[in-house]
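Beneath this line is the structure, given in structure tokens, with notes to follow.
We count ligands from 1, going down the list as the structure has it; atoms in each ligand are counted the same way.
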Amino acid sequence: MKIIRRISALCAVLALTSGGVAQADGTAEVLHWWTSGGEAKAVGTLKEAFEAQGGTWIDSPIAGGGGDAAMTALRARVVAGNPPTAVQLKGPGIQEWAEQGALNDVQAVASAENWDSVLPPALASIMKYDGNYVAAPVNIHRVDWIWANPEALAKAGVEAMPTTWEEFNAAADKLMAAGITPLAHGGQPWQDATLFEDVVLGVGGADFYRKALVELDQDALKSDMMVASFDQLRKLRGYVDPNFPGRDWNLATAMVMRGEAAFQIMGDWAKGEFLAAGKVPGTDFLCAPTPGNGYVLNSDSFTFFKVSGDDNLKGQQVLASLIMSPEFQKTFNLAKGSIPARTDVPLDEFDTCAQRSHADLLAAIESNALVPSMAHEMAIPRSVRGEFLDLVTEFFNSDMGSQDAAQKLADAVARAM
Ligand code: GAL
């Protein structure tokens, strides 16, 4: 009797300490592209939490920053009639797969846990299809960041993080003169597009960004503002080292860590890389938003494909619940460099870059300067995004003029629509 009482008390405690997450086993094969140091650490926290609840985790990592290789692998799996249980997927891609009838919903979990009350409405709507949750968000990543090595800046006499593109160019010229590579960059289409969208925000502002990169307005795409954006991208091209083609983004981050380069313009998954290497923000590395007074939003989420078998279906429910638990959202995001998707997770254990991200996010919502990332698949269909990536990369790797680039971009987008 005593033993039974003890066991039921223990069960009650377990239910409480797990933050209300459904107790479970279940199996989940999880397809994702988190293979760099920081990313692997972050996804490791999900695996551990899932296994701690008795679940069986089958890891399916597909290397390649930005997820382009993972999306190709996903399509092949679905075509073969063998989709993974859970897939890292985002933005319009969620809707595209849901429209094809490929996704299970997790609305029962979402209703029971009242996800609507703890997610920003803009994010919740991306996770839903036909009014039901078909995805669970793990985080909010900011794309428009500059990362810097303070020692490299000091050596070149750069006193502060740049707040305008003119200041950035001036700092970069000083670094060049001091023999330090100003900008660590990896020449892969998604990385080129990341630079491009941050520049568009900085040069044109949030309204222009929205017109050109979200609404795909032909006049905006061909405008002088777009030409000016390509001019600034051309400037940035002059600040990268000759070995940039094909380099992975995390190797560019490592160049900043070692002081071989001073800056990297990259989303805050780069911070996950610095942290995984034991670096301390404010001391070993600096963060500041790229110019523009906006906020380029990128959010990672997991979707649940149509699979059969009770064990897999159970795995999907458990994973959805776990992903949205406050405790997991904290642990995961402390490693990933992002901030929680849930609005009710306290940020006091997060660093100053994360606090800044959160404050700027609220300010951007208030001033209507929050924009979805084109490069990171939050804004437009994959097919149109592909046109942006092709053109921007061609520009970055040739001597194409800015006027020409704007016109070619507008034409390519028109053809793709
Ligand atoms: C982004 C993703 C991030 C990060 C990055 C580099 O698209 O949202 O979580 O992993 O790619 O791989």
* Assign the ring pair Phe244 / Phe396 to parallel, tilted or perpendicular, where the plane angle (0 to 90°) is split at 30° and 60°. =>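 Phe244 and Phe396: perpendicular rings.
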
* Aromatic plane relationship, Phe332 with Trp34 - under 30° parallel, 30 to 60° tilted, over 60° perpendicular ->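 Judged by the thresholds at 30° and 60°, the geometry between Trp34 and Phe332 is tilted.
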
* To do: Return yes if a side-chain donor-acceptor contact under 3.5 Å exists between Ser338 and Asp268, otherwise no.
  =>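 Short answer, no.
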
Please tabulate, line by line, the atom pairs linking an N/O of ligand 1 to a protein N/O at a distance below 3.5 Å, with the distance in Å to 0.1, or answer 'none'.
| residue | atom | partner | partner atom | Å |
| --- | --- | --- | --- | --- |
| ligand 1 | 7 (O) | Lys90 | NZ | 2.8 |
| ligand 1 | 7 (O) | His376 | ND1 | 2.9 |
| ligand 1 | 8 (O) | Lys90 | NZ | 2.7 |
| ligand 1 | 8 (O) | Asn298 | ND2 | 2.9 |
| ligand 1 | 8 (O) | Asp300 | OD1 | 2.7 |
| ligand 1 | 8 (O) | Asp300 | OD2 | 3.3 |
| ligand 1 | 9 (O) | Trp34 | NE1 | 3.1 |
| ligand 1 | 9 (O) | Asp300 | OD1 | 3.4 |
| ligand 1 | 9 (O) | Asp300 | OD2 | 2.7 |
| ligand 1 | 9 (O) | Lys336 | NZ | 2.8 |
| ligand 1 | 10 (O) | Trp34 | NE1 | 3.1 |
| ligand 1 | 10 (O) | Glu39 | OE2 | 2.4 |
| ligand 1 | 10 (O) | Lys336 | NZ | 3.4 |
| ligand 1 | 11 (O) | Trp33 | NE1 | 3.3 |
| ligand 1 | 11 (O) | Gly66 | N | 3.4 |
| ligand 1 | 12 (O) | Trp33 | NE1 | 3.4 |
| ligand 1 | 12 (O) | Glu39 | OE2 | 2.7 |
| ligand 1 | 12 (O) | Gly66 | N | 3.1 |

* Do NZ/NE/NH1/NH2 and the carboxylate oxygens of Glu166 and Lys235 come within less than 4.0 Å? ->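 The answer is no: the pair does not qualify as a salt bridge.
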
* Asked: When the aromatic ring centroids of Trp97 and Tyr129 are compared, is their separation below 6.0 Å?
  ->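 No, the ring centres sit 6.0 Å or more apart.
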
* Counting only heavy atoms not in Lys41, do more than 12 fall under 6.0 Å of its NZ? ->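 At most 12 heavy atoms, drawn from other residues, nucleotides or ligands, come within 6.0 Å of this atom.
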
